[in-house]
Each structure stands twice: as C-alpha cells, then as structure tokens.
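Here's the structure we're looking at; comments come further down.
These values consider heavy atoms only, across backbone and side chains, with no hydrogens, waters or symmetry-generated copies.
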Amino acid sequence: RYHARQLFCCLPPCFLLSSLLLRRFLNALAVSTVGRVSLRRFSLAMIHSKARGKYPTGVERFSVPDDKVGWDVAFDGYQPVDYTAPVVIGNPKPVWADVDVRKDASVSLQYNKIDGKVDRRSLTGDYAIVDGVPRNPIGRTGMVGRGLLGRWGPNHAADPVVTRWLRDAKGERVVRDGKPVLQFVAIQRRDSGQWAIPGGMVDPGDNVSATLKKEFGEESLGALDMPPAKRAAVEKLVEKLFKGGEQVYSGYVDDPRNTDNAWMETTAVNFHDDSGETLGQFQLTAGDDAKDVRWQEIDQNCQLYASHFQFVKEVAKLRNAHF
C-alpha cells in the first residue's frame with residue numbers, strides 16, 4: 001500500500017479523484033497467489049471512466065467530472081438520472097433480477113451477505129447502504145437505479161482468458177521485440193459490437209469455476225447448439241484445459257452498465273495451453289450471445305469491452321509475452 005500511495009502521488013491531476021476513492025481502492029487491491037499486491041491494477045478502478053460514459057441503451061447520464069467522482073467530495077448540484085431498463089423490471093420480473101426495493105417495502109434484501117443463493121458480497125469489501133439501497137464503492141456514475149443490471153449492489157461475473165502462443169507455418173512461436181506473441185479467444189458482443197473476453201454472469205448457486213467453464217463453452221464453442229455426443233466431447237476437452245488456471249484480477253469492473261446502486265465485479269482467470277495441442281482440437285463457434293469469435297493477438301492496440309484490455313495486459317505480463 002505504501003508503494004501504491006507513492007505511485008498515486010506521481011499521477012497527473014486528471015487522475016486524482018479523491019482521497020476517499022484512493023483509500024477505497026487501496027483496500028480493494030487484489031493480492032496475488034504469492035501474496036504480493038498487484039500495483040499493475042492500480043489505474044483500473046481509479047479512472048472510473050466507462051461507468052460515467054454513454055449508457056448502452058442511449059439514456060443520458062448526469063455528467064460527473066473527474067474531481068466529483070468520490071462520495072467524500074461535495075457535489076451540491078448532483079442530480080443523477082433514475083433509470084432501470086424495462087428488460088430488468090419485466091412483466092413478469094425475470095428470475096435474474098431483484099425487485100425494486102424502493103417501491104416494495106415488504107422485500108428485505110440481505111446486503112453484504114450471501115442472501116439465499118445470491119451472493120451480495122462485494123470483492124472490494126463492505127459497501128455502504130444509503131436510503132435503503134447499495135452505493136457504488138468507487139463513486140458517482142450519474143445514474144441511480146439498476147440500469148441494465150439485475151441485482152442491487154454487486155453483479156458478479158467470471159471472465160476466462162484462454163490463451164495460446166501464435167505460431168508460424170513451421171509450428172515455431174512468433175517472436176516480436178524479443179518476446180513470444182500471445183493469442184486469446186475473443187468474442188464479439190451482440191449488444192455493443194465490441195470485442196470481449198467470453199465471460200458471463202455467475203448464476204445464483206453457481207461458483208466462479210463452474211461459470212468460467214460454462215461461459216467459454218457456450219460463447220466460444222457454441223456448445224448449446226451441439227448434438228449431445230459432440231457436446232460431451234467438447235466439455236471433456238474444456239475440463240482438461242480448465243484444470244489449471246491463474247487468477248489475474250478479482251474486483252470492481254469499470255463497466256458502461258454501472259450505476260450508483262448497481263455495478264459489475266468479476267474474477268478473471270487465465271487458462272493457457274502452452275503447446276496448443278488441447279486448443280487445437282477446438283473449433284471456435286460463436287454462441288447465442290456472440291456475433292463472432294476469433295483468436296486475437298494480445299498487444300497494446302487491443303480495443304476491448306469494459307476493463308477487458310486490462311485483463312489481457314495482465315496476462316501478457318504474467319506470461320512474459322509481447323505487448
């Protein structure tokens with residue numbers, strides 16, 4: 001934390017959001033498997049820019065300047081737009097969404113706890129409850145309600161970063177600037193058209209490990225549309241690939257769907273096939289939630305959804321690959 005504060009002091013003024021924001025983020029910094037704080041993740045939540053940008057449905061947020069993001073900073077003129085998408089409210093309400101607790105006082109959700117099968121705990125620690133609803137632990141977004149998100153508070157996802165080495169016609173690793181080049185499986189989202197890691201929401205009662213395997217199979221391999229026998233064979237290969245994995249991030253996500261009361265959090269795990277033999281048996285096929293799927297090189301020019309660029313950057317550093 002001491003070194004993180006030193007790094008913070010060196011940032012230009014446009015990145016200095018608030019002292020409370022710094023304290024919250026320092027508390028949320030993930031610790032790697034060898035017990036060291038990952039300073040590489042420092043800027044991910046500090047900027048908090050996509051969560052204040054254009055909303056995916058086109059609804060205009062109330063503008064929040066950089067120096068007004070933190071809740072400890074007075075913002076007397078703050079009038080966030082109240083928006084929850086019709087698909088979330090539903091008639092009937094979808095099973096993946098909470099009720100509007102602001103309108104139904106008979107419902108009591110157990111925030112900061114496991115509430116039945118729904119995990120309402122945040123990866124950043126306990127979040128504040130203000131006026132009966134959770135408050136975004138990073139800061140203002142210009143919107144209250146849930147937007148496109150189903151849960152009040154944290155909405156948990158899992159993102160599998162599946163990688164292999166780029167190889168030439170002879171099967172040798174392609175090297176640039178003295179380092180081998182990594183490729184990862186990327187899907188093109190139907191809702192925004194942006195390229196992304198093939199992740200998804202953690203269903204109530206599921207764990208992150210199960211979600212990682214399920215989402216990769218469904219979004220990247222089209223497993224849901226396969227005949228039973230072929231699907232079983234693919235699931236066996238996925239199980240083999242996903243036996244080992246290294247976590248590269250766990251925490252808050254700077255997601256365009258976030259609001260003051262509902263936000264995305266994720267656990268990103270790298271599954272690497274060093275020889276390429278297991279992944280060589282896969283035929284990439286876009287699932288229902290994807291327009292397309294491809295192998296994409298990891299480099300500094302990647303244009304990816306939400307915070308996914310940061311996740312693949314972490315993987316490149318983990319594997320000592322070209323970036």
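Taking the centre and axis of the six-membered ring of Trp295, the NZ or CZ atom of Arg164 falls inside the cone set by 45° and 6.0 Å. With a 6.0 Å cutoff to the six-membered ring centre and a 45° limit on the axis angle, Arg135 does not count as a cation-pi contact of Tyr127. At least one test fails for Arg189 against the ring of Trp195: distance under 6.0 Å to the centre or angle within 45° of the axis.
Side-chain contact check for Glu265 and Ser122: at least one donor-acceptor pair (N or O, by modelled atom type) lies under 3.5 Å. When only modelled atom types and interatomic distance are considered, Thr266 and Asp159 share a side-chain donor-acceptor pair under 3.5 Å. With hydrogens and angles left out, the side-chain atoms of Arg319 and Asn270 include a donor and acceptor closer than 3.5 Å.
In this structure a side-chain-to-backbone donor-acceptor pair under 3.5 Å is missing from Tyr111 to Arg121. Checked by atom type and distance alone, the side chain of Asp206 never pairs as donor or acceptor with a backbone atom of Thr211 at under 3.5 Å. Formation of a donor-acceptor pair under 3.5 Å by the Thr267 side chain with backbone atoms of Ala158 is not found in this model. Arg146 contributes a side-chain N or O that, together with a main-chain N or O of Asp98, makes up a donor-acceptor pair within less than 3.5 Å. Counting only distance, with no hydrogens or angles, the side chain of Thr259 and the backbone of Gly145 share a donor-acceptor pair below 3.5 Å. A donor-acceptor pair is defined here as one N or O able to donate and one able to accept, closer than 3.5 Å; no such pair exists between the side chain of Asn136 and the backbone of Arg140. Panel note: side chain Arg61, backbone Thr141; a donor-acceptor pair is recorded below 3.5 Å. Judged by distance alone, with hydrogens and angles left aside, the side-chain atoms of Asp115 form no donor-acceptor pair with the main-chain N or O of Leu109 at under 3.5 Å. Under the 3.5 Å distance criterion, the side-chain polar atoms of Asn261 are matched with a main-chain donor or acceptor of Pro134.
How far NZ of Lys291 is from CD of Gln188: 4.5 Å, rounded to the nearest 0.5 Å. Atom CG of Asp273 sits about 12.0 Å away from atom CD of Gln183, to the nearest 0.5 Å. Atoms CG and OG1, on Asp82 and Thr84 in that order, are 6.0 Å from each other to the nearest 0.5 Å. If you take CG on Asn112 and CG on Asp119, they are separated by 10.5 Å, rounding to the nearest 0.5 Å. Taking CG of Asp67 as the start and CZ of Phe75 as the end, the distance is 8.5 Å to the nearest 0.5 Å.
Two residues are said to be in side-chain contact when any heavy atoms from C-beta on lie closer than 4.5 Å; Pro180 and Val174 fail this criterion. At least one side-chain heavy atom of Ser192 sits less than 4.5 Å from a side-chain heavy atom of Tyr305. Between Tyr78 and Asp260, the closest side-chain pair of non-hydrogen atoms falls below 4.5 Å. At least one side-chain heavy atom of Met143 sits under 4.5 Å from a side-chain heavy atom of Val59. No side-chain heavy atom of Gln194 sits under 4.5 Å from any side-chain heavy atom of Leu304. Counting heavy atoms from C-beta outward, Pro154 and Leu123 have side chains that stay 4.5 Å or more apart.
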>> As a quick check of understanding, evaluate side-chain contact (heavy atoms from CB on, under 4.5 Å) for Arg52 and Val69, giving each step before the final call.
In response: CA-CA 9 Å; Arg52 291 179 286 144; Val69 171; 3.5 Å; yes
>> Walk me through whether Val161 and Tyr249 qualify under side-chain contact (heavy atoms from CB on, under 4.5 Å).
In response: CA-CA 11 Å; Val161 188; Tyr249 182 77; over 6 Å; no
>> For a salt bridge (Lys or Arg N to Asp or Glu O under 4.0 Å) check, start with the C-alpha distance between Asp191 and Arg257, then their side-chain angles and the critical distance, and finish with the verdict.
In response: CA-CA 12 Å; Asp191 55 0; Arg257 295 168 293 181; 5.4 Å; no
>> Between Arg120 and Arg151, does the side-chain contact (heavy atoms from CB on, under 4.5 Å) criterion hold? Intermediate values first, please.
In response: CA-CA 8 Å; Arg120 301 189 188 279; Arg151 305 294 178 192; 4.2 Å; yes
> Does the salt bridge (Lys or Arg N to Asp or Glu O under 4.0 Å) test come out yes or no for Asp292 and Arg190, once each step is laid out?
Replying inline: CA-CA 9 Å; Asp292 200 1; Arg190 287 190 182 277; over 6 Å; no
>> Before you tell me yes or no, could you show the steps for Arg102 and Asp100 under salt bridge (Lys or Arg N to Asp or Glu O under 4.0 Å), namely the whole-Å CA-CA distance, both residues' side-chain angles and the distance that decides it to 0.1 Å?
In response: CA-CA 5 Å; Arg102 300 173 302 176; Asp100 192 338; 3.3 Å; yes
>> Walk me through whether Asn207 and Ser209 qualify under side chain to side chain donor-acceptor pair (under 3.5 Å).
In response: CA-CA 6 Å; Asn207 56 39; Ser209 178; 4.6 Å; no
> Does the pair Val248 and Leu318 meet the rule for a side-chain contact (heavy atoms from CB on, under 4.5 Å), with working shown?
Replying inline: CA-CA 8 Å; Val248 293; Leu318 173 69; 4.0 Å; yes
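Under the 4.5 Å side-chain heavy-atom criterion for grouping Ile, Leu, Val, Met, Phe, Trp and Tyr, Phe184 is connected to Phe323 within one hydrophobic cluster. One hydrophobic cluster, built from ILVMFWY side chains closer than 4.5 Å, cannot hold both Trp96 and Val101; they sit in different ones. No chain of hydrophobic side-chain contacts below 4.5 Å, direct or via other Ile, Leu, Val, Met, Phe, Trp or Tyr residues, connects Val175 to Leu166. Cluster membership for Phe271 and Val181, using ILVMFWY side-chain heavy atoms within less than 4.5 angstrom, is not shared. Under the 4.5 Å side-chain contact rule for hydrophobic residues, Leu182 and Phe311 share a cluster.
For the pair Val269 and Leu212, the tightest heavy-atom approach, listed with the atom from each and the gap, is CG2-CD1, 3.7 Å. Ala321 approaches Trp165 most closely through the heavy-atom pair CB-CZ3, 3.8 Å. Summarising the geometry of Met264 relative to Asn258, their closest heavy-atom pair is N-OD1, 2.9 Å, with the distance given to 0.1 Å. The heavy-atom pair separating Gln79 from Phe62 by the smallest distance is O-CD1, 3.2 Å. Arg294 and Leu284 get closest at one heavy-atom pair: C-CD1, 3.9 Å. Here the closest heavy-atom approach between residue Ala85 and residue Leu148 is recorded as CB-CD2, 3.6 Å.
Look at Asp76 and Lys68 and you find no salt bridge, because none of the NZ, NE, NH1 or NH2 atoms lies under 4.0 Å from a carboxylate O. In summary, Asp203 and Lys214 engage in a salt bridge, as defined by a charged side-chain N under 4.0 Å from a carboxylate O.
Lys93 NZ: more than 12 foreign heavy atoms inside a 6.0 Å radius. Heavy-atom neighbours of Asp131 CG from other residues, nucleotides or ligands within 6.0 Å: at or below the threshold of 12. The environment of Glu60 atom CD is sparse: at most 12 non-hydrogen atoms of other residues, nucleotides or ligands sit within 6.0 angstrom.
Aromatic ring orientation, Trp263 versus Tyr252: tilted (interplanar angle from 30° to 60°).
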